[in-house]
K.L.:
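Here it is, the structure, as C-alpha cells.
Note that ligands are numbered from 1 as they come in the structure, with each ligand's atoms numbered from 1 the same way. Please read all numbers here as calculations on a predicted model, not as lab measurements. We number each residue from 1, following the sequence as shown.
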Amino acid sequence: MSQVKSKTIEIENLVIGTGAAGLMLALKLATRSKVLLISKGELTECNSYYAQGGIASVLDVNDSLEQHAIDTIRAGAGLCHEDIVKLVVSKGPKAIQELLEMGVDFTKESQNNSTDNQNGLHLTIEGGHSQRRVAHCNDITGQVLINALIQQVKSCDNITICPNQMVIDLITSDKFAPNFGSNRCLGAYIFDRITHEIYAVKCGRTFLATGGHGRVYLYTSNPDNATGDGLAMAWRAGCRVANLEFMQFHPTCLFHPKAKTFLISEAVRGEGGILKDSSGRPFMDDYHPMGSLAPRDIVARAIDNELKKSGQSNVFLDIRHLNKEKIIHLFPNIYSLCLNYGIDISNEMIPVVPAAHYSCGGIVVDANGKTNVERLFALGEVACTGLHGSNRLASNSLLEALAFADIVAEAAFNEPVEYMRENIPTWSSGKTMPPDEQVVLSHNWGR
Ligand code: SIN
C-alpha cells in the first residue's frame, strides 16, 4: 500500500519526462535555475530512445527552409499551422549544431562521396521528404542522442534527477488555492515507485514532456510506458487537447511472432527499399507518385488496403538489391536484430505491418509551448503545437522536441516564480483499493 510522505519539495522548475524534449529543456532551464527532472521509469525508457531514423533539418546547400516547410505541410494533409512549421524548421540547423558541440556522433558521409553540408554529415531521406535532410546516427539515432543528453544532465549541478517516479496528478489553483485567480499549475503529486510513497512538489513552473500514448493500441512501435498519463492529467487539470484522432501508424514494423515492437526505419525505404506483396509485386506506385517513399499515412493505408484485399497477414520490404556492406553500414542494428530472428535482410524480404507509432495530437499549446493553464507548459509528443497536422513528416519529431525545448526555456524565464502559499493537502486515494484480481488490469487494457 502507498503511504503519504509528509515532506513537500519546493523547486523552481519541475520537468516531467526524460525523452529528447524533457532532457534538452532541463539543460536549458538549468543555465539559470534549479530543475527537478522526473522520469516514470529509467531515464532511457522513452519513445525518443527508440527513434531510429533521425532529425530532419535543412543542412545541405541545395535544400531550403521553404522546401522543408512545404514537405511538412504536404505530409500533414493541409492541417499544419504554417507559422509553427516555419518556426520549427528554422530551428533545425541550430539544434544540430548544439548536438555536434555536445559530441553527438552523427554518421558522416564516406570519404569517397562529396557533401554539400558544412559538417560532412550523411543525410538520409524518408517518406514525404523531397530532399535528403535527415541527420542520423546509423539506425540508432535516438539511443545515441538520449545517451549524450543524459550524460549532460548528470553532470549539471542545477538538475536533480529522479527516475522511477510516477506523477499521479497536477496540483492546480482551481482545486487547492482559489486566491490565485485564473487556473494555475502549482505542482504535482508524485508516486515513488521504489518506496511506494506519495509526496508533493510545489513549483514555480511545470513542464509536461511525457511523450505519447501509442500503448493504448494493441500493435505499436512504442515502449510499454507510452500510456498517455501526461495527456490525461493535463485534461483533468483543465487543459485543452486536440487532434487525438490523428494517431500516426508507422508503415513498417517487423512482423514476427517474437518481435514485439521492432521498427524497420523509414530510412530503409529512403535508401532504396521497396514495398512488395507476397508475390513480389511492388504495389506503392498504384497509390502515390512517390511510391514507397510517399508520406507515412498514405503508405500505411495502402498496406492496410493490400492486406484486406489479399487476406495476407503482412507485406514485405525488399532491400536485397542494395549492396550488403551498405546495408550493414547504414542499418547495423536492424540487420543484426533481423538476423537474430532468422531473417538475413541482405538476401530475404523483410515481413512488415503498420503499427501505431506517434500521437500527432495532444495538449494544445501556443507558439511558446504554453497551455491554457498558467505556468504549465507542454512539449514533445504530448503537445499539439500545430506542426504535424494530421500526419507528422518523418524525423520531424526529434526536431520539434529540440526546437521547443529552446523556445519553452526562453518563454519560461519570462514567468516569475511564485509558489503556492497554502500547505498542499496530503494525497488521498479516496476509496480506491488495490484489485484482488490482477486480471482486471489486463482485461481493461485489452478493451
Ligand atoms: C523511422 O526511423 O522510420 C522513424 C522515424 C520517425 O518516426 O520519425
Side-chain angles (χ1 to χ4, degrees), residues 19-21 46-57 68 71-72 75-76 80 88-89 92 95-96 106-107 122-129 132-146 211-214 217 220-223 226 246-255 259 261-273 275 290 292-300 303 317 319 327 330-335 337-338 345 350 352-360 362 380-381 385 387-403:
C46 56
N47 262 343
S48 302
Y49 187 83
Y50 295 96
Q52 295 182 357
I55 306 169
S57 172
H68 189 176
D71 292 349
T72 300
C80 307
V88 172
V89 302
I96 299 291
F106 285 106
T107 301
H122 176 265
L123 302 177
T124 191
I125 184 166
E126 294 179 78
H129 287 275
R132 283 187 173 265
R133 64 166 73 93
V134 179
H136 64 105
C137 310
N138 294 329
D139 55 353
I140 49 166
T141 308
Q143 199 173 314
V144 176
L145 170 68
I146 293 299
H213 50 271
Y217 291 78
T220 172
S221 64
N222 291 193
F246 297 139
M247 171 57 69
Q248 178 174 76
F249 278 67
H250 194 291
T252 57
C253 283
L254 180 63
F255 181 75
T261 58
F262 191 69
L263 202 65
I264 307 295
S265 175
E266 200 161 285
V268 172
R269 277 177 285 136
E271 296 299 329
L275 282 161
M290 293 173 91
S292 290
L293 266 188
R296 231 171 240 187
D297 55 340
I298 291 165
V299 181
I303 296 175
L317 184 56
I319 53 163
I327 294 175
L330 288 178
F331 308 112
N333 190 43
I334 295 174
Y335 177 78
L337 192 125
C338 288
I345 64 175
I350 313 167
V352 290
V353 282
H357 181 59
Y358 188 88
S359 324
C360 296
E381 191 174 349
T385 62
L387 175 69
H388 309 308
S390 63
N391 173 59
R392 172 176 66 82
L393 182 67
S395 288
N396 265 357
S397 50
L398 291 178
L399 169 66
E400 186 195 43
L402 299 169

K.L.:
Below 4.0 angstrom from a heavy atom of Gly53, which ligand 1 atoms are there? Numbered from 1 as shown, please.
P.N.:
1 (C), 2 (O)

K.L.:
Classify the side-chain pair Glu266/Thr252 by whether it contains a donor and acceptor separated by less than 3.5 Å.
P.N.:
no

K.L.:
Between Asp139 and Asn333, which heavy-atom pair has the shortest distance, and what is it?
P.N.:
OD2-N, 3.0 Å

K.L.:
Mark the output for Ser395 as yes if a heavy-atom distance to ligand 1 is under 4.0 Å, and as no if none is.
P.N.:
yes

K.L.:
Suppose I only count heavy atoms of Glu126 and a 4.0 Å limit; which atoms of ligand 1 are within that range?
P.N.:
1 (C), 2 (O), 3 (O), 5 (C)

K.L.:
Closer than 4.0 angstrom: is that true for some heavy atom of Gln248 and an atom of ligand 1?
P.N.:
no

K.L.:
What protein heavy atom lies closest to atom 6 (C) of ligand 1? Include the residue and the distance to one decimal.
P.N.:
Arg296 NH2, 3.1 Å

K.L.:
Could you point out which residue of His388, Arg296, His357 forms a side-chain hydrogen bond (donor to acceptor under 3.5 Å, both in side chains) with Gln248?
P.N.:
Arg296

K.L.:
What atoms of ligand 1 come within less than 4.0 Å of a heavy atom belonging to Ala394?
P.N.:
8 (O)

K.L.:
For ligand 1, which atoms, with element, lie under 4.0 Å from some heavy atom of Gln52?
P.N.:
2 (O)

K.L.:
Compute whether any side-chain donor of one residue and acceptor of the other, for Asn396 and Thr72, lie under 3.5 angstrom apart.
P.N.:
yes

K.L.:
Would you mind running through ligand 1 and noting each atom that sits below 4.0 Å from a heavy atom of His250?
P.N.:
1 (C), 3 (O), 4 (C)

K.L.:
Check each atom of ligand 1 against the heavy atoms of Glu266 and keep those under 4.0 Å away; list them by number with element.
P.N.:
1 (C), 2 (O), 3 (O)

K.L.:
Numbering the atoms of ligand 1 from 1, which are under 4.0 Å from a heavy atom of Ser265?
P.N.:
1 (C), 2 (O), 3 (O)

K.L.:
For side chain to side chain contact (heavy atoms under 4.5 Å, CB included), just list the numbers for Ile55 and Ser395, CA-CA rounded to whole Å, side-chain angles, deciding distance to a tenth of an Å, and then say yes or no.
P.N.:
CA-CA 5 Å; Ile55 306 169; Ser395 288; 5.8 Å; no

K.L.:
Please indicate whether any nitrogen or oxygen in Leu393 is less than 3.5 Å from any nitrogen or oxygen in ligand 1.
P.N.:
no

K.L.:
Does the side chain of Glu381 come under 3.5 Å of the side chain of Asn47 through a donor N or O and an acceptor N or O?
P.N.:
yes

K.L.:
If I compare all heavy atoms of Ala20 with all of Ile146, which pair ends up nearest, and what's the gap?
P.N.:
N-CD1, 3.5 Å

K.L.:
Which atoms from ligand 1 have a heavy atom of Arg392 less than 4.0 Å away?
P.N.:
6 (C), 7 (O), 8 (O)

K.L.:
Compare every heavy atom of Gly389 with every heavy atom of Cys360, then report the nearest pair and how far apart it is.
P.N.:
CB-O, 3.8 Å

